[in-house]
Amino acid sequence: MPELPEVETLRRQLEKEVIKKTVADLEAKSSRVLKRLHPQSLSKELLKKTIEQVTRKGKYIIIGFNNSLCLAIHLGMSGQILFTPKKSTRGKNNPPEEKIPHLYLTMRFTDGSALRYVDPRTFGQILLLKDLAELQELTELGFDPLEAAIPWVEFASYLVNQKSSLKAILTNQSFIAGIGNIYADEILFAAGLRPDRDPKSLSTQEIRRLYRSIGEVLTEAVKHRGSTLADKSYVDIYGNYGEYQQYHNVYAREAMSCKRCRGTVQKIKYQGRSTYFCPLCQR
DNA sequence: ACGCCCGCCTGTAAGC
DNA sequence: TGCTTACAGGCGGGCG
């Protein structure tokens, strides 16, 4: 589910819904999602605290409280952050809490609304940080391409010193934070470059095109509130699907015709992951 | 030394 | 139909 556009969509929605809200009650289920964090200490630390800001770094959502503590959430492959407004009617989309499968955290606010974290595959992480700087140390994240893009010359000089392929570089979180398998493929299509291309062989023009494509694809994807794939596992905080999948040029379009050249989109297994590209448009 | 592949989980879908 | 296998957008650890 969760690459930068999806996480940024959640961040914007959370900013609208939970800023200035005060925690009335917090319930957490002990699991590897919480790592070594104890449910009781988590609830003790955050009880009666007020949310001041919701930020994002790469694929992490960071909820900042008025005691300077931050709850950092990484959604892994299947994590969902869901918001329930104060007067929630119990219906099909709002089952009683005990019926929600894979629920690991419920944060209720004083106004009766609530935030939940749900994660079937439990690859996600919930971390309690003393402050924002701690996340950086913890994860060695690279630059965020939407919040803090680096100058393109710096981008270029990094690229030409790399030994791995373009796709590996794009998905390396310690260089660029936030790009995963879907958006790497879409960015490479937009740039007209093959996923297995050796960065040392890139012309200046190609580097510029790649740099531009990163910003354009991610911005466009945020505009359409991220991608929900066939498995429907990505939903926003209201349970709605994203719409950027309609605009995918290659991802999950195996054997379909290329939207640019009418060639055929290929699916290969590359570095252990599904990779989609157009062999005619991308070189 | 570093790029890369496995395994961690559950759910779903395709394949036989 | 039903069992088995493969695969899924995450990442860290360990291996070659």
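Keep in mind it's a predicted model, so treat the numbers as computed, not measured. All chains are named by letter (A, B, ...) in the order of the sequence lines, taking the proteins before the strands, and each is independently numbered beginning at 1.
- Between A:F175 and A:F155, the ring planes lie parallel to each other; the angle is under 30°, not in the 30° to 60° tilted range.
- Atom CD1 in A:I51 sits 11.0 Å away from atom NZ in A:K20 (nearest 0.5 Å).
- For the pair A:K200 and A:D198, the salt-bridge criterion is not met [side-chain N within less than 4.0 Å of a carboxylate O].
- Checking side-chain atoms of A:R32 against main-chain N and O of A:T122 turns up a donor-acceptor pair under 3.5 Å.
- Contacts of A:Q125 with the nucleic acid, taken as non-hydrogen atoms under 4.0 Å apart, are absent.
- Checking B:dC4, C:dC7, B:dC9 against the side-chain heavy atoms of A:R32 singles out B:dC9 as nearest.
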Validation: residues 158-172 of chain A side-chain donor-acceptor distances under 3.5 Å, sequence neighbours left out:
unit_1 : atom_1 : unit_2 : atom_2 : d
A:N161 : ND2    : A:S157 : O      : 2.8
A:S165 : OG     : A:A168 : N      : 3.4
A:S165 : OG     : A:Y270 : OH     : 3.0
A:S165 : OG     : A:Q271 : NE2    : 3.4
A:K167 : NZ     : A:N181 : OD1    : 2.6
A:K167 : NZ     : A:D185 : OD1    : 2.7
A:K167 : NZ     : A:S274 : O      : 3.4
A:K167 : NZ     : A:T275 : OG1    : 3.0
A:T171 : OG1    : A:K167 : O      : 2.9
A:T171 : OG1    : A:A168 : O      : 3.4
A:N172 : OD1    : A:S174 : N      : 3.0
A:N172 : OD1    : A:S174 : OG     : 2.8

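- Residues A:T122 and A:G272 each lie close to DNA chain B; by heavy-atom proximity, the contact nearer the 5' end of the strand is made by A:G272.
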Could you pull out the protein-nucleic contacts involving nucleotides 11-13 of chain B (nitrogen or oxygen on both sides, under 3.5 Å)?
unit_1 : atom_1 : unit_2 : atom_2 : d
B:dG11 : OP1    : A:H102 : NE2    : 2.7

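- Between A:K59 and C:dC11, a side-chain N or O to OP1/OP2 separation shorter than 4.0 Å is present.
- Within a heavy-atom distance below 4.0 Å of DNA chain C, the residues of residues 175-198 of chain A found are A:G180, A:N181, A:I182.
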Tabulate atom names and distances for all N/O pairs under 3.5 angstrom spanning the protein and nucleotides 13-16 of chain C.
none

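- Taking the six-membered ring for Trp, A:Y104 and A:Y117 have ring centres at least 6.0 Å apart.
- Contact annotation for A:R273: base contact, defined as any heavy-atom pair under 4.0 Å involving a base atom.
- Rounded to the nearest Å, the gap between the P atom of B:dC6 and that of C:dA6 is 13 Å.
- Between A:K35 atom NZ and B:dC8 atom C1' the separation is 12 Å, expressed in whole Å.
- The local environment of CD in A:Q246 is crowded, with over 12 non-hydrogen atoms from other residues, nucleotides or ligands closer than 6.0 Å.
- Rounded to whole Å, the separation between the P atoms of C:dC11 and B:dA1 comes to 25 Å.
- A donor-acceptor contact shorter than 3.5 Å links the side chain of A:E134 to the backbone of A:K130.
- Per the geometry, CG belonging to A:L141 stands 12 Å off C1' belonging to C:dC11, to the nearest Å.
- Counting Ile, Leu, Val, Met, Phe, Trp and Tyr side chains that sit under 4.5 Å apart, directly or through other members, A:L129 shares a hydrophobic cluster with A:Y60, A:I62, A:L127, A:L132, A:L135, A:L138, A:L141.
- Judged by distance alone, with hydrogens and angles left aside, the side-chain atoms of A:Q245 form a donor-acceptor pair with the main-chain N or O of A:T228 at under 3.5 Å.
- A:L202 is listed as a side-chain neighbour of A:R197, based on a closest heavy-atom distance under 4.5 Å.
- A salt bridge does not link A:K57 to A:E147: none of the charged nitrogens lies less than 4.0 Å from a carboxylate oxygen.
- In this structure, A:R12 does not pair ionically with A:E15, as no charged nitrogen and carboxylate oxygen lie closer than 4.0 Å.
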Just to be sure I follow the notation: if a pair is Watson-Crick (purine N1 to pyrimidine N3 plus N6-O4 or O6-N4) or a G-U wobble (N1-O2 and O6-N3), each under 3.5 Å, what dot-bracket string does DNA chain B give, with | for pairs to another strand? .|||||||.|||||||
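- For the residue pair A:Y183/A:S227, the side-chain donor-acceptor check at 3.5 Å is satisfied.
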